[in-house]
Amino acid sequence: DARVTQTPRHKVTEMGQEVTMRCQPILGHNTVFWYRQTMMQGLELLAYFRNRAPLDDSGMPKDRFSAEMPDATLATLKIQPSEPRDSAVYFCASGADRVDRDGYTFGSGTRLTVV
Amino acid sequence: TQLLEQSPQFLSIQEGENLTVYCNSSSVFSSLQWYRQEPGEGPVLLVTVVTGGEVKKLKRLTFQFGDARKDSSLHITAAQTGDTGLYLCAGRYNQGGKLIFGQGTELSVKP
């Protein structure tokens with residue numbers, strides 16, 4: 001089965017440190033999403049890309065978060081500097097053109113803890 | 001702000017019971033999806049509905065899209081312990097647009 005791969009699975013870091021999360025979308029998928037999941041807020045959309053171009057990052061705190069797709073096989077989400085309130089599970093999802101039929105495939109997430 | 005309201009937030013039932021989860025919005029969806037998420041994993045797609053009034057069945061799960069395409073429901077018949085998990089609805093307000101998730105329904109089915 002094709003999978004979305006996220007690394008690392010777990011990350012514990014100190015406040016103020018830079019955090020980089022990586023995502024390898026499914027080969028051939030041209031849309032990539034970054035979501036953040038917490039108990040209080042549920043799944044929040046942070047950013048999404050189509051054909052590697054950023055389409056919407058309005059859900060992302062711009063002062064500390066950045067999302068990029070350096071190539072079609074890699075999406076990154078960076079937090080600098082990290083804060084305790086950034087603690088959450090971060091999911092990457094990818095999809096092809098027929099997303100209304102086939103939906104998105106999610107990775108297993110990166111559980112981030114900022115202490 | 002486009003909101004997707006899901007209810008109930010928590011549901012604890014006995015094996016064999018039936019249940020319904022609701023997903024509502026004040027805006028019209030171009031499509032709506034239901035996902036199921038297990039602990040430590042990402043959401044997994046169950047179904048997509050596109051046409052108003054559409055009904056889809058997946059074994060004991062029945063999904064309905066409202067005629068006006070503003071609401072949807074998930075009905076589970078004779079729930080089993082394996083149905084335990086977080087059920088999420090997610091809607092798109094225009095084709096190719098971003099996918100917005102509801103808060104989710106945490107279902108616990110007890111033996």
Side-chain angles (χ1 to χ4, degrees), chain A residues 1-7 9-10 21 23-26 29-51 53-60 67 88-111, chain B residues 1-10 21 23-25 28-52 54 56 58 61 63 65 69 72 74 85-106:
Chain A
D1 281 344
R3 292 165 49 167
V4 173
T5 303
Q6 286 187 249
T7 56
R9 285 297 308 268
H10 303 273
M21 290 169 270
C23 168
Q24 183 177 351
I26 291 173
H29 281 188
N30 64 346
T31 305
V32 173
F33 285 77
W34 282 105
Y35 286 91
R36 173 171 64 183
Q37 188 174 39
T38 60
M39 289 289 290
M40 291 299 294
Q41 302 295 330
L43 270 165
E44 299 175 278
L45 178 65
L46 296 176
Y48 85 103
F49 295 79
R50 178 166 294 126
N51 298 321
L55 285 193
D56 190 327
D57 61 2
S58 57
M60 204 164 63
V89 182
Y90 291 80
F91 286 103
C92 172
S94 72
D97 283 336
R98 301 188 68 168
V99 289
D100 278 349
R101 183 198 72 177
D102 299 330
Y104 293 100
T105 302
F106 281 75
S108 297
T110 293
R111 180 174 294 277
Chain B
T1 304
Q2 295 161 333
L3 288 177
L4 243 173
E5 295 185 359
Q6 209 173 321
S7 62
Q9 229 178 318
F10 300 96
V21 176
C23 181
N24 294 286
S25 173
V28 175
F29 299 116
S30 68
S31 66
L32 188 137
Q33 298 172 346
W34 285 92
Y35 289 78
R36 179 167 173 260
Q37 185 179 16
E38 298 195 44
E41 296 298 327
V44 175
L45 180 71
L46 294 173
V47 78
T48 297
V49 285
V50 179
T51 307
E54 185 175 3
K56 283 193 175 179
L58 194 65
L61 277 60
F63 304 87
F65 202 13
R69 291 189 289 134
S72 181
L74 157 61
L86 179 67
Y87 289 82
L88 296 152
C89 66
R92 195 190 316 276
Y93 293 97
N94 50 72
Q95 269 193 331
K98 54 190 178 184
L99 193 64
I100 306 298
F101 280 83
Q103 285 285 83
T105 294
E106 188 72 57

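Proteins come first, then strands; the chains are lettered A, B, ... in the order of their sequence lines, and each starts at number 1.
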Contact origin within A:Ser58 toward chain B - heavy atom pairs under 4.5 Å: side chain
Contact class of A:Arg9 relative to chain B, heavy atoms under 4.5 angstrom: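 Side chain only.
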Chain B interface, residue from A:Gly109, A:Ser108, A:Gly42 that has the most non-hydrogen pairs under 4.5 Å: A:Ser108
Taking all heavy atoms of [X] and all of [Y], pick out the closest pair and write down the distance.
X       : Y        : value
B:Leu99 : A:Phe33  : N-CE2, 3.8 Å
B:Gly42 : A:Phe91  : CA-CE2, 3.3 Å
A:Gln41 : B:Gln103 : O-OE1, 2.7 Å

What's the spacing between [X] [atom1] and [Y] [atom2] if we round to 0.5 Å?
X       : Y        : atom1 : atom2 : answer
A:Tyr35 : B:Phe101 : OH    : CZ    : 5.0 Å
B:Leu4  : A:Leu43  : CG    : CG    : 12.0 Å
A:Leu45 : B:Lys98  : CG    : NZ    : 6.0 Å

Heavy-atom pair count under 4.5 Å with chain A, highest-scoring of B:Ala90, B:Pro43, B:Gly102: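 Ranked by contacts with chain A, first place is B:Pro43.
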A:Arg3 CZ: over 12 foreign heavy atoms closer than 6.0 Å: no
